[in-house]
Amino acid sequence: MVSKVTALAPSSTANLGPGFDVFGLAVNAFYDEITLTKKKTFGISIVTDDNIPTNPEKNTAGLVIKNMIKKFKIKDGIEIKIKKNVPAGFGMGSSAASAAAAAFAFDRLYNLKLDGNSLVEFAGMGEKASAGSIHYDNVAASVLGGFVIVRTNPLDIIRIDPPSNLRMCIAVPKLQVPKKKTKVSRGVIPKKISLQDSITNLSNATSIVAGFMNKDPELIGKSVKDVIVEPARQHMIPGFAKVKENALKAGAFGVTISGAGPSVIAFSKSSADLKKISMAMKRGFKSAKTDCQTIICKPSIGASIKR
Ligand code: HSE
C-alpha cells in the first residue's frame, strides 16, 4: 500500500490570444511539487516554506484534496507538502499547477485511475481558491500536457500534441501584481463584442487549432492574434506594445499576453534565434523602466509522478 506520493505539474499559458478561457498550453518553464502523505488522524494539514495560505479552504491544493476526500469517502488524514516554483500572479498558471499536481498525486495515492476529464474537473475546484471562478484552460494543460481545448457543459477536454519544434519566449516582468489579479484583469474585458471582432478571433482561433494539428509553429504563431481581450488588458502591462513589436521584429511569429498577464509570450520554433527574441522583449520592458526575467521554453507533457 502506497502511503506517500509526490507529483510535479508544469506552468501553463492560457488563451494563446483568441482562445480566451478555451485554449491552454503546458510549458516546461516551472514545475510545482506536491507530496501527499497519509496520516492516521483524519483532516488535512498543509506544510510549506512558501508564502501561501495554509488553511485548506483557502489553499488551491487544499481545496482539491478536500473535494477528493469527500467524493471518494477517504478516512485517512492527509498531509500536503507544497513546493511552489511557478511564480504566482504572473499569467503562468501558478494556482493551476498546484491544483493539477494535487489531483494527480491523490489519484495515484489511492489508485483511482481517474480519466483526464475527471482529473481536470477536480483540479478546477482548486482554481476557485485563487481566481474566484472556475476556468479550466490552465488546469487542463497542467494536468494533461500539450495543447488543450476546453469544452464546457459538460466538461470535455480535447488534447493535441504540439509540434516538437515549437518554442516560446516568455518575459515575466518584475511588477507588483494586484492581490486578486485574475479577477481584476477579467473585470476589464468587454461584456459585449462586435460580430466583426468575433469573426476575426474565431478565424485566428481555428487556425491555431489547425497549426497544432498540422504541427506548424508558424501557423500557430501568426494566428496568435486577439482583437478582443488583449486590447482591453494591455494597459495593465507597462511597455506591452514595445515588447510585442520588438519580439516580432526579432523574428517571433506571434506575441500575446500569457493568460491574464502580466507575462508576455512570443511563439517561435527551435531553429529561430530565441535568444534574440528574448533580448528584444527585455529591451521592450526596459523602455517602460521595467525589468523582466526571460525564459525560453517548450511544451510540457503535463503532470507526472516524481520518483
Ligand atoms: N483565461 C483566463 C484569463 C486565464 O485570461 O482570465 C487566467 O487564469
Side-chain angles (χ1 to χ4, degrees), residues 9-17 19-27 29-32 48 50-55 57-64 82 84-101 123-142 150 168 170-191 226 228-241 243-244 255-266 281 284-285 288-295:
S11 43
S12 56
T13 184
N15 306 336
L16 290 90
F20 180 71
D21 279 1
V22 175
F23 291 168
L25 177 69
V27 293
F30 308 99
Y31 288 81
D32 275 5
T48 184
D50 300 306
N51 183 21
I52 51 172
T54 51
N55 174 351
E57 296 282 341
K58 298 207 167 103
N59 179 286
T60 308
L63 265 183
V64 174
I82 305 172
K84 285 213 70 70
N85 294 310
V86 185
F90 286 87
M92 302 286 296
S94 177
S95 55
S98 290
M125 292 170 182
E127 274 281 70
K128 214 178 168 188
S130 59
S133 59
I134 303 186
H135 45 93
Y136 294 95
D137 42 8
N138 287 109
V139 276
S142 200
V150 178
M168 281 70 60
I170 303 179
V172 186
K174 298 201 166 100
L175 289 177
Q176 195 75 28
V177 283
K179 256 215 158 83
K180 294 267 172 200
K181 184 223 65 189
T182 301
K183 208 170 165 206
V184 173
S185 57
R186 290 175 84 80
V188 301
I189 299 167
K191 300 266 178 304
D226 164 24
I228 299 169
V229 178
E230 185 184 295
R233 281 179 169 172
Q234 66 177 51
H235 70 274
M236 300 170 83
I237 307 171
F240 176 78
V243 175
K244 182 169 176 173
V255 181
T256 191
I257 301 169
S258 181
S263 296
V264 179
I265 183 163
M281 295 172 88
F285 271 120
K289 299 186 173 42
T290 305
D291 282 332
C292 73
Q293 177 192 7
T294 53
I295 304 138

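Between the side chain of Ser258 and the backbone N or O of Gly91 there is at least one donor-acceptor pair closer than 3.5 Å. Distance alone, capped at 3.5 Å, places no donor-acceptor pair between the Thr60 side chain and the Ala99 backbone. Counting only distance, with no hydrogens or angles, the side chain of Ser11 and the backbone of Phe30 share a donor-acceptor pair below 3.5 Å. For Asn59 (side chain) and Thr54 (main-chain N/O), no donor-acceptor pair under 3.5 Å exists by modelled atom type. Ser142 contributes no side-chain N or O that, together with a main-chain N or O of Asn138, makes up a donor-acceptor pair within less than 3.5 Å. Within the 3.5 Å criterion, the main-chain N or O of Asn85 finds a donor-acceptor partner in the side chain of Asp32. At least one donor-acceptor pair closer than 3.5 Å links the side chain of Asn15 to the backbone N or O of Asp21.
Side-chain contact, Lys84 with Thr48: no donor N or O sits under 3.5 Å from an acceptor N or O.
In this structure, CG on Asp137 lies 7.5 Å from CD on Glu127, to the nearest 0.5 angstrom. Atom OG of Ser95 is separated from atom CD1 of Ile52 by 11.0 Å, given to the nearest 0.5 angstrom.
Of all heavy-atom pairs spanning Ser263 and Phe90, the tightest one is OG-O, 2.7 Å. The shortest heavy-atom contact between Ala232 and Ile189 is CB-CA, 4.3 Å. Nearest heavy atom pair, residue Val150 against residue Ala140, reads CG2-CB, 4.2 Å.
Applying the ring-ring contact (aromatic ring centres under 6.0 Å, His included) criterion to Phe23, with sequence neighbours excluded, gives Phe147.
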